[in-house]
Amino acid sequence: MARAGPAAPPAPVARVDDIVDVLHGIEVADPYRWLEDGEAEEVKAWSTAQNARTRAALDALGDRARWHARMVALLRVGVATAPSIAGDVVLSLDRWGERE
């Protein structure tokens, strides 16, 4: 059951463009392509508003500090994956404590 709390500010309005690409004969809509230009003032303004909304929602959580500390502790647990080969490259993930 979700806890009721202060309402977050409304989500910023995201423009919806009528952009459709045809890829291998299939129409693929991409109405939010404009958000891919991180240097555009409109995108910066939208991102700032979205970040403010997210910050307000997170700050409203009374036990956020406890959850943040727990997530940090869990992410510091060592992780190692089996190596995989991609062409002539061997890939693996090894992360321990503060080291990535």
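- Under the 4.5 angstrom side-chain criterion for Ile, Leu, Val, Met, Phe, Trp and Tyr, the cluster partners of L93 are V79.
- With rounding to the nearest 0.5 angstrom, the CG atom of L91 is 9.5 Å from the CD1 atom of I85.
- Other residues, nucleotides and ligands place no more than 12 heavy atoms under 6.0 Å from the CD atom of E27.
- Residues K44 and E39 come closest through the heavy atom pair CE-O, 3.5 Å.
- Residue R64 comes nearest to L58 through the heavy atom pair CD-O, 3.1 Å, listed as atom of the first residue, atom of the second, then distance.
- No more than 12 heavy atoms of other residues, nucleotides or ligands shown are found within 6.0 angstrom of CZ on R70.
- Through chains of ILVMFWY side-chain contacts below 4.5 Å, Y32 is grouped with V16, W34, L35, V43, W46.
- Judged by distance alone, with hydrogens and angles left aside, the side-chain atoms of R53 form a donor-acceptor pair with the main-chain N or O of P9 at under 3.5 Å.
- Closest approach of P83 to S92, counting heavy atoms only: CA-CB, 4.1 Å.
- Taking N51 as the reference, nothing meets the side chain to side chain donor-acceptor pair (under 3.5 Å) condition, with sequence neighbours excluded.
- In this structure, CD1 in I26 is found 12.5 Å from CG in D21, a value given to the nearest 0.5 Å.
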